[in-house]
Novice: 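Right, I'll just put the structure down here and ask away after.
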Amino acid sequence: MSGITTGLGKYGQNSLELATASRTVSADTEMLFSFEGDNLKDDAGRFQVVNSNLRLVQDGAMGKQAGLSVGNNSGFAVVGAPGSIFSTLNWTGSFSMEFWLCPAVVDNGETVISWRSSRTVEGYPLYQILEASFARNHLQWNCTNLFAGYTENNGEITLSGTKSIIPGKWSHHILSYDAETGLLEYRVNGLVEDLKYITMTGGERGGVYPLMLGNPAMFEISPSYAGKIDDFRVLRNSIANTEDFFYQNQENYQTGWTAVRYTAEGGSFISEPLEVPVGSQLTHLEASTIVPEETDVEFFVRAGDNFYSWNQTSPAWVPAPPGKLLSGVEGKYFQVMVKLYPDGAGTSTPSVASVTLCYEEHEPPLPPFYVKVTAGNGYVDLIWSHTIDKATNYCVYYGERPGEYLGRVALEGDSPVKVGHENSVRLTGLKNGRIYYFAIASEYNGQVGPLSQEVYARPTIQSYD
C-alpha cells in the first residue's frame with residue numbers, strides 16, 4: 001500500500017481509503033502530536049504526556065482526528081527527555097513551532113501554549129515565559145527572557161496577529177526563530193503577521209542574541225483553550241530552512257482556512273498474487289466502493305503462470321473498470337491494483353470495501369481410466385489407456401508409501417516423470433525387494449488433472465524380464 005489506510009466503507013464494511021496528510025517525523029522533528037490513533041502521544045518519542053484532559057475527536061485539519069479541549073485545565077502537558085528542547089538548560093539554536101487551531105470561541109486570555117521556567121544569571125534567577133494566548137480576537141505571543149543578553153523592554157518580546165481568528169474555522173500558525181539572522185516571526189495561514197529581529201541593532205544586521213532556554217519545565221498545550229487543535233509540531237529548524245510547511249491559498253484567508261487532508265497524488269494498493277486453477281480466464285471485476293463527487297478509483301489486473309518473475313511493469317497491467325468484460329487475462333495467478341484519487345480540494349477520499357474477481361476455469365484433464373504395472377529386475381513397466389480428454393503430457397507419480405509420491409531413485413527422474421503423449425514407460429534404477437506405488441495424471445496446457453487409481457509393484461531378481 002502507498003498512501004492508503006483502513007476505514008469504513010459501503011454499508012459500514014471495513015475498507016481501504018486514502019491516508020490523510022498528517023505530519024510525519026523527520027530528522028529535525030523535536031515534537032509531533034498528530035492526534036491520530038487511539039492514544040495521545042508524541043510521534044517523535046521525545047516527550048511524555050502528563051496531566052492530559054484532552055479528547056481525541058474526528059474531523060482534524062490534516063488528518064482524521066484532532067485534539068479537543070473545552071476550557072480551563074482541559075488540555076495536556078508534556079515533559080521531555082534529557083537533551084530535548086524545553087527540557088535542557090542550553091543554547092537552543094533555531095526552532096519552529098506550528099499547529100492548527102479551530103476555536104469554539106476566541107475569548108481574551110484563553111491560552112494555547114504555555115512554558116514557564118528560569119535560568120540563573122549572575123547568581124539571580126531570571127524567569128522565562130513562552131506563551132500564546134488570545135487578545136482581541138488575535139493570537140498573541142509573549143517571549144520573555146528567552147534570548148541571552150536581550151534586555152530591551154525588560155527582555156519581553158510580543159508578537160501579535162493582525163487579522164481576526166474566526167471561531168469554527170481552521171487556521172495554521174507558525175512561530176519561527178532563525179539563529180543565524182535573529183529573525184523571530186509569526187505567520188498565520190502562511191502570511192507573516194508580525195516579526196522582530198533579535199539583534200543588537202534591532203534590524204537585519206548586527207550581532208544576534210542567541211536563544212537560551214532554562215531549566216527543564218512542563219510544556220503545556222491548550223491549558224485554557226476551548227476548541228480543536230491539530231498536528232502540533234516543534235522542529236529544530238527555522239521556517240526559512242524548512243521545506244514542508246503547508247501554506248494556504250491567500251484568497252481563502254478571510255473566509256477561514258480549509259485544510260488539504262489528502263494529497264493530489266492519491267494512493268494505491270496491490271494485492272498479493274491470487275492462485276487460481278491453471279489456465280483460468282478473468283472475465284470481469286466487481287467492486288464495492290464509495291466514490292464522492294470529484295474523487296475517482298481506477299482498477300487494474302494482470303495474470304500469468306509464474307509470479308516469481310513478475311516486476312512492477314511486467315506482466316502489463318490491464319485497466320479493469322468494474323463490470324467491464326475482459327479478454328486475454330488468463331493464467332495461474334491473478335493480481336489486482338487499485339488507485340484512489342481525492343477531489344480537487346483534497347478534502348474527500350473514495351473508499352474500496354471489496355474487490356471480486358470473476359473468472360472461468362478450464363476443467364482439468366481426466367486421468368487415464370486404466371493403469372497396469374509389471375515388475376522386473378530393478379525396474380517396472382507401466383502402461384495405461386489414453387484419456388478421453390486432450391492431453392499434451394502424462395505425468396507418472398511414484399513413491400514408496402501409498403498416496404505419497406516422493407520417489408527420487410528412478411533413472412528417468414524424480415516423481416513426477418513426464419513422458420509426453422506416450423501411454424507407457426519403463427522406470428529403471430529401482431531397488432529389488434522394495435515395493436513402489438504409482439499413479440498417472442494427464443496434463444493439458446500446463447494444467448495437471450487428478451490422479452488415476454493407484455497401482456503397486458515390487459521389483460525382484462525373479463520378476464518377469
Side-chain angles (χ1 to χ4, degrees), residues 271-283 302-310 315 329-336 357-465:
S271 75
E272 295 288 342
L274 308 171
E275 186 174 3
V276 293
V278 174
S280 296
Q281 181 170 341
L282 186 63
T283 59
R302 63 181 180 179
D305 291 328
N306 182 7
F307 73 86
Y308 294 103
S309 63
W310 293 5
V329 183
E330 59 181 50
K332 186 178 180 181
Y333 296 95
F334 294 154
Q335 193 171 31
V336 182
L357 299 182
C358 302
Y359 62 92
E360 294 180 349
E361 296 182 16
H362 289 296
E363 291 295 330
L366 295 173
F369 176 74
Y370 168 81
V371 180
K372 181 180 178 181
V373 60
T374 305
N377 183 5
Y379 68 88
V380 297
D381 286 326
L382 287 154
I383 187 170
W384 56 90
S385 60
H386 279 297
T387 177
I388 60 175
D389 287 337
K390 291 181 180 179
T392 55
N393 206 358
Y394 289 106
C395 302
V396 179
Y397 292 79
Y398 70 97
E400 298 181 17
R401 294 176 61 87
E404 294 184 7
Y405 306 113
L406 307 176
R408 303 183 63 181
V409 297
L411 298 180
E412 287 69 26
D414 296 346
S415 176
V417 176
K418 296 189 176 183
V419 299
H421 195 56
E422 301 295 328
N423 70 328
S424 65
V425 68
R426 172 173 287 188
L427 297 183
T428 62
L430 306 183
K431 294 180 180 181
N432 286 333
R434 187 73 56 85
I435 190 170
Y436 295 92
Y437 298 84
F438 307 90
I440 314 296
S442 304
E443 181 181 13
Y444 180 69
N445 285 347
Q447 185 177 17
V448 178
L451 296 175
S452 69
Q453 66 179 32
E454 183 178 80
V455 294
Y456 63 89
R458 188 189 307 271
T460 67
I461 295 176
Q462 298 180 0
S463 296
Y464 140 83
D465 192 359

Novice: L451 versus Y405: any side-chain heavy-atom pair under 4.5 Å?
Specialist: yes
Novice: Among V380, D381, V396, I440, which residue satisfies the side-chain contact (heavy atoms from CB on, under 4.5 Å) criterion with V425?
Specialist: V396
Novice: Y394 and side-chain contact (heavy atoms from CB on, under 4.5 Å): which partner among S452, P365, P368, P367?
Specialist: P368
Novice: Is S385 reaching over with its side chain to a backbone N or O of Y370, donor-acceptor style, under 3.5 angstrom?
Specialist: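 Confirmed, S385 side chain pairs with Y370 backbone.
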Novice: Taking side chain as C-beta onward, heavy atoms only, is P450 less than 4.5 Å from P364?
Specialist: yes
Novice: I need the minimum non-hydrogen distance between L411 and G429, along with the two atoms involved.
Specialist: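 Where L411 meets G429 most closely, the heavy atoms are CG-CA, 4.0 Å.
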Novice: Kindly compute the distance separating OH (Y359) from CG (L282), expressed to the nearest 0.5 Å.
Specialist: 10.0 Å
Novice: Take H421 and H386 through the side-chain contact (heavy atoms from CB on, under 4.5 Å) test and state the conclusion after the steps.
Specialist: CA-CA 9 Å; H421 195 56; H386 279 297; 4.0 Å; yes
Novice: Check the surroundings of atom CD in E422: do more than 12 heavy atoms from other residues, nucleotides or ligands lie under 6.0 Å from it?
Specialist: no
Novice: For the pair N432 (side chain) and G378 (backbone), establish whether a donor and an acceptor sit closer than 3.5 Å, ignoring hydrogens and angles.
Specialist: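 Yes; judged by distance alone, with no hydrogens or angles, the pair exists.
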Novice: Is any side-chain heavy atom of V455 closer than 4.5 Å to one of L382?
Specialist: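 Result yes, sub-4.5 Å side-chain heavy-atom pair found.
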Novice: Who are the salt bridge (charged side-chain N to carboxylate O under 4.0 Å, His left out) partners of E275, not counting sequence neighbours?
Specialist: K332
Novice: Under the 3.5 angstrom rule, does the side chain of E454 hit a backbone N or O of G403 as a donor-acceptor pair?
Specialist: yes
Novice: Rounded to the nearest 0.5 Å, how far does CD of E361 lie from CD of Q281?
Specialist: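 Here the interatomic distance stands at 12.5 Å.
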Novice: Got a second to check how far F307's CZ is from L274's CG, nearest 0.5 Å?
Specialist: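 Reported to 0.5 Å precision, the distance equals 10.0 Å.
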Novice: So which heavy atom on Y333 is nearest to which on N306, and how close?
Specialist: CD1-N, 4.3 Å
Novice: Crowded around E404 CD? As in, over 12 foreign heavy atoms under 6.0 Å?
Specialist: yes
Novice: Are Y379 and E412 linked by a side-chain donor-acceptor pair shorter than 3.5 Å?
Specialist: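 Note: Y379 and E412 side chains miss the donor-acceptor criterion.
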Novice: Is there a side-chain contact between Y436 and L427 (heavy atoms, below 4.5 Å)?
Specialist: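 With C-beta onward as the side chain, the pair stays apart.
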Novice: Of all the heavy-atom pairs spanning A441 and V448, show the shortest one and how long it is.
Specialist: CB-CG1, 3.9 Å
Novice: Give me the atom names and distance for the closest heavy-atom approach of Y398 to S415.
Specialist: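 Heavy-atom minimum between the residues: N-OG, 3.1 Å.
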Novice: So which heavy atom on C395 is nearest to which on P416, and how close?
Specialist: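 Shortest heavy-atom contact: CB-CB, 4.1 Å.
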Novice: Are any non-hydrogen side-chain atoms of V371 and F438 less than 4.5 angstrom apart?
Specialist: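 No, every pair of side-chain atoms sits at 4.5 Å or beyond.
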Novice: Can you list everything that forms a salt bridge (charged side-chain N to carboxylate O under 4.0 Å, His left out) with E400? Sequence neighbours excluded, please.
Specialist: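 Testing E400 for salt bridge (charged side-chain N to carboxylate O under 4.0 Å, His left out), a comparison that skips the adjacent residues, returns R434.
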Novice: Rounded to the nearest 0.5 Å, how far apart are CG of N377 and OG1 of T428?
Specialist: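 It comes to 11.5 Å.
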Novice: For a 4.5 angstrom cut-off between non-hydrogen side-chain atoms, does S271 reach F334?
Specialist: no
